[in-house]
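Every heavy atom of this structure was used, including side-chain atoms; hydrogens, water molecules and symmetry mates were not. Note that this is a predicted model, so its numbers are computed, not measured.
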Protein chains: 2
Amino acid sequence: MIRNNEELVEPNALDRVTWALRRAELAVQALKEQRLRPLGLAASHYTLLMSVHSDPGLTGAELARRLNVTPQAVASLVARLESRGQLERREHPRHRHVQELHLTDAGREVLRAADKVIAGIELQITGGLGPQESAQLRGLLDRVAETVRED
Amino acid sequence: MIRNNEELVEPNALDRVTWALRRAELAVQALKEQRLRPLGLAASHYTLLMSVHSDPGLTGAELARRLNVTPQAVASLVARLESRGQLERREHPRHRHVQELHLTDAGREVLRAADKVIAGIELQITGGLGPQESAQLRGLLDRVAETVRED
DNA sequence: TCACGACCATCAAGTGTTTGACAGTGCTCC
DNA sequence: GGAGCACTGTCAAACACTTGATGGTCGTGA
């Protein structure tokens, strides 16, 4: 009896680490999106605001590199957040053509609320895993990212 | 001296498990996309072909549910793969309006090549981690997905 | 028998993102 | 000082996906 699944491709193709990784990330991202919606924020908005908060004065291009998206995508998000008064574009002190990104007070406010939501999800996960295994998971994930990045 | 980063949001907002998860998934996905490109396949194409291979005769709607996308997205992918002769739409034996999805020989061939690529990435990761930690990581990721899904 | 409901597939419109191309600005080396 | 270069920001077109809505097909129960 020939089992086709085990002939054509690797036998354990369905329970690979990369699949588990994808499923987990997809589920977490979906939950983030769902809980952030009442705040009028998409997960990408939160990520952008958090990045700017972490490194004020960031440029759009640099931000694009960190978030693994194109500068246009960043520009689109920035335009939306700016129109809401949550983000501010200032002229770079040296390069006149470059513009720094800064949070406004409203931006800080919505980020604070959003981060409480995200922290809640984080707590839900780490609570289910326990502190030791959480740290372990974080370490393993970092090593995976490091391993894959070298190429 | 007041450190703004530690006032506004959680202090360790940057090294959360969810961030590490996102970074790792992003890196892996980017690598998949990069190495699949020479085959003319996107990662989503590979995922779809693999799903159909795993469960032949799948319908578009069922596939959409499994991949967490809308039926339209599936239809778009299916149309492309069908135009390349890698996928086949057959009439459902009972429901005449429903169509089953099956791989063609060309589809099996390209899937075999693609899976070798993916298996290589998997090996690269598990090789860097070792068998024990790989299994550990997979278990932890599954638990995360499970924890998050319940809501 | 036949109306009702569930499900599948598809069309149309809107949104978000990428790809490709282009102009503006500051730095560096000749 | 000026040419070349690297980098930033933006525009236009193409692409992928979602939301909303429509028509087709089967099974169920009055």
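Taking every side-chain heavy atom of B:Gln72 into account, D:dG20 is the closest of D:dC17, D:dT25, D:dG20. Side-chain proximity of B:Leu77 to D:dT18, D:dC17, D:dA12: nearest is D:dC17.
Residues B:Leu87 and B:Leu77 form no side-chain contact, since every pair of their non-hydrogen atoms from C-beta on lies 4.5 Å or further apart. At least one side-chain heavy atom of B:Pro93 sits less than 4.5 Å from a side-chain heavy atom of B:Glu100. When side chains are defined from C-beta on, A:Leu103 does not count as touching A:Glu88, because their heavy atoms never get closer than 4.5 Å. Residues B:Gln136 and A:Gln136 are in side-chain contact: their nearest non-hydrogen atoms beyond the backbone lie under 4.5 Å apart. When side chains are defined from C-beta on, A:Asp55 counts as touching A:Arg66, because their heavy atoms get closer than 4.5 Å.
Nearer the 5' end of DNA chain C, as judged by each residue's closest nucleotide, is the contact made by A:Val74, out of A:Val74 and A:His97.
Rounded to a whole Å, the NE2 atom of A:His92 is 15 Å from the P atom of D:dC7. Rounded to an integer number of Å, the gap from A:Arg94 CZ to D:dG9 P is 16 Å. As rounded to whole Å, 15 Å separates atom P of D:dG9 from atom CZ of A:Arg96.
In 5' to 3' order, the nucleotides of DNA chain C bounding all contacts with chain B (an atom under 4.0 Å from a heavy atom) are C:dC8 to C:dC11.
Across all strands, B:Gln99 comes closer than 4.0 Å only to sugar-phosphate atoms, never to a base (heavy-atom distances). Residue-level contact check: B:Thr70 touches the bases, meaning some heavy atom is under 4.0 Å from a base atom.
B:Arg80 has a side-chain polar atom (N or O) that falls below the 4.0 Å cut-off from OP1 or OP2 of D:dA16. Checking the phosphate oxygens (OP1, OP2) of D:dT8, a side-chain nitrogen or oxygen of A:Arg65 falls inside 4.0 Å.
The existence of a salt bridge linking A:Asp115 and B:Arg16 is confirmed by a sub-4.0 Å separation between a basic side-chain nitrogen and an acidic carboxylate oxygen.
Atoms OH and CZ, from A:Tyr46 and A:Arg35 in turn, are 13.5 Å apart once rounded to the nearest 0.5 Å.
Side-chain N/O atoms of A:His95 and base N/O atoms of D:dT8 include no donor-acceptor pair closer than 3.5 Å.
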